[in-house]
2 protein chains.
Amino acid sequence: MSTTNYQKHHCPIAQALAELGDQWTLLIVRDALIAGPRRFNEFQESLGISRNLLTLRLAQLCASGILERVPITDTKRHAYAPTQKCRDLQIVILAMAEWGEKWRTDPDIHHLEILEKSTGRPVTVQYIQTEDGKIVDPDNIEVVRHGISNEP
Amino acid sequence: MSTTNYQKHHCPIAQALAELGDQWTLLIVRDALIAGPRRFNEFQESLGISRNLLTLRLAQLCASGILERVPITDTKRHAYAPTQKCRDLQIVILAMAEWGEKWRTDPDIHHLEILEKSTGRPVTVQYIQTEDGKIVDPDNIEVVRHGISNEP
DNA sequence: TTATAGAGTTCAAAAATTGAACTAAATGGG
DNA sequence: CCCATTTAGTTCAATTTTTGAACTCTATAA
């Protein structure tokens with residue numbers, strides 16, 4: 001997670017990727033979101049990440065407030081729980097999952113169904129108009145950058 | 001972009017991250033999406049990535065059909081243009097941008113405004129019900145994994 | 001109380017990334 | 001058409017990351 005280069009572009013995407021854009025961070029976040037509070041060894045076994053790097057990544061995720069060390073009741077052990085900042089990443093990760101399914105190469109890929117908890121109805125990630133909540137076609141999107149010289 | 005470990009989880013998120021999850025790939029994609037067809041040196045100067053690694057990443061992105069080498073008219077030079085697979089990543093990247101702005105640490109961060117091209121109206125990335133297009137609260141989302149043993 | 005599981009730490013080897021210099025083809029100006 | 005410059009890379013040593021395996025030091029369980 002080198003902060004060397006694209007950190008300095010004052011771009012929210014570059015900022016996000018400075019925090020999330022390495023090999024493992026988003027997978028750790030996925031694990032934390034989908035499996036709930038998880039412990040060191042659970043992450044390690046589920047991901048196959050090397051243990052010293054996991055130590056480092058968990059520390060960084062805690063430092064940036066994406067995960068939180070929480071005690072496990074009745075023990076002196078602890079787990080890593082997703083914070084609100086982490087839960088706010090769920091839509092990013094699910095948008096990525098939808099992309100991964102649409103453009104899959106592995107035919108055995110798992111299907112992730114996104115449901116509304118209260119009704120069980122299927123849900124997708126889409127562009128919607130802020131004012132009236134109407135769905136907007138992805139090809140009909142334009143991005144305007146404010147406070148900018150010439151770069152993304 | 002090591003295909004070593006999390007590739008083998010048949011998870012669409014892991015699949016997506018195997019294609020996108022290194023330091024530079026999503027920044028290259030962002031550049032290609034926001035700035036349109038771009039040339040080698042433009043990527044290099046905008047990102048500050050080392051040239052040999054850029055060569056490698058562009059080759060991988062072309063190989064996986066996210067970018068396409070297109071000739072520039074009236075010259076023998078070429079640029080790298082986003083494909084549909086790349087344009088389908090825009091929602092992922094903009095979801096990430098919204099997260100980056102919400103949780104920004106850099107106060108000088110640029111604001112990205114997402115607009116509907118045809119009307120100029122503001123747009124956000126949201127969960128919506130597939131059936132009736134109604135917006136769903138992010139805290140009211142549940143993910144069900146199909147075809148799965150025990151891992152994400 | 002003793003064995004085992006959990007949560008790391010240590011450190012050498014391997015892999016990825018950088019940075020700087022080097023090429024060869026394409027283009028532009030005179 | 002010729003020469004200088006730009007473009008799009010390539011090469012390679014030095015640095016930085018990541019891995020993998022073994023080790024340590026509590027907790028917990030029997």
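Throughout, a chain's letter reflects where its sequence line sits, starting with A, and its residues are numbered from 1.
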Heavy-atom nearest pair, A/W99 first then B/K85, reads NE1-O, 2.9 Å
Winner on side-chain proximity to A/R77, out of C/dT17, D/dA27, C/dT27, is D/dA27
OP1 or OP2 of D/dT10 sitting under 4.0 Å from any side-chain N/O of B/T55? yes
A/I72 CD1 to C/dG6 C1', in whole Å, measures 10 Å
Rounded to whole Å, the CD-P distance (A/Q44 to C/dA5) equals 15 Å
DNA chain D nearest-nucleotide lookup for B/L58 and A/L53: closer to the 5′ end is B/L58
Looking only at C/dG6, D/dT10, D/dG20, the nucleotide nearest the A/N41 side chain is C/dG6
Between B/D88 and A/W103 the two heavy atoms that sit nearest each other are OD2-NE1, 2.9 Å
With the side chain defined as heavy atoms from C-beta on, B/R39 is closest, among C/dT27, D/dA8, D/dT10, to D/dA8
Handout entry: Any donor-acceptor N/O pair under 3.5 Å between C/dG19 base and B/N52 side chain
Key = yes
When every non-hydrogen atom of B/R69 is compared with those of B/C62, the smallest separation belongs to N-SG, 4.2 Å
From CD1 of A/I49 across to C1' of D/dT19 the rounded distance in Å is 10 Å
Indicate whether OP1 or OP2 belonging to D/dA27 is found under 4.0 Å from a side-chain N or O atom of A/T75.
-> no
- Task: State whether B/H78 places a side-chain N or O below 4.0 Å from either non-bridging phosphate oxygen (OP1 or OP2) of D/dG9.
- Result: yes
Next item on the list: Measure from the side-chain N and O atoms of B/T124 to the backbone N and O of A/T130, and report whether any donor-acceptor pair falls under 3.5 Å.
Entry: no
Rounded to whole Å, the CD-C1' distance (B/E42 to D/dT7) equals 11 Å
A/L56 CG to D/dT19 C1', in whole Å, measures 13 Å
Notebook entry, point to check: Do other residues, nucleotides or ligands put more than 12 heavy atoms under 6.0 Å from the CZ atom of B/R104?
Noted result: no
- Identify whether any heavy atom of A/Y80 sits under 4.0 Å from a base atom; if not, whether one sits that close to sugar-phosphate; answer base, sugar-phosphate or nothing. sugar-phosphate
Ranking C/dT18, D/dG9, C/dG8 by distance to the side chain of B/F40, first place goes to D/dG9
Whole-Å distance, A/R57 CZ to D/dT19 P, equals 9 Å
Here the distance between atom C1' of C/dG19 and atom CG of B/L47, to the nearest Å, is 16 Å
Looking at D/dA8, does its base get a donor-acceptor pair with the side chain of B/R51 below 3.5 Å? yes
Could you tell me whether the phosphate oxygens of D/dG9, OP1 or OP2, come under 4.0 Å of any side-chain nitrogen or oxygen in B/R69? yes
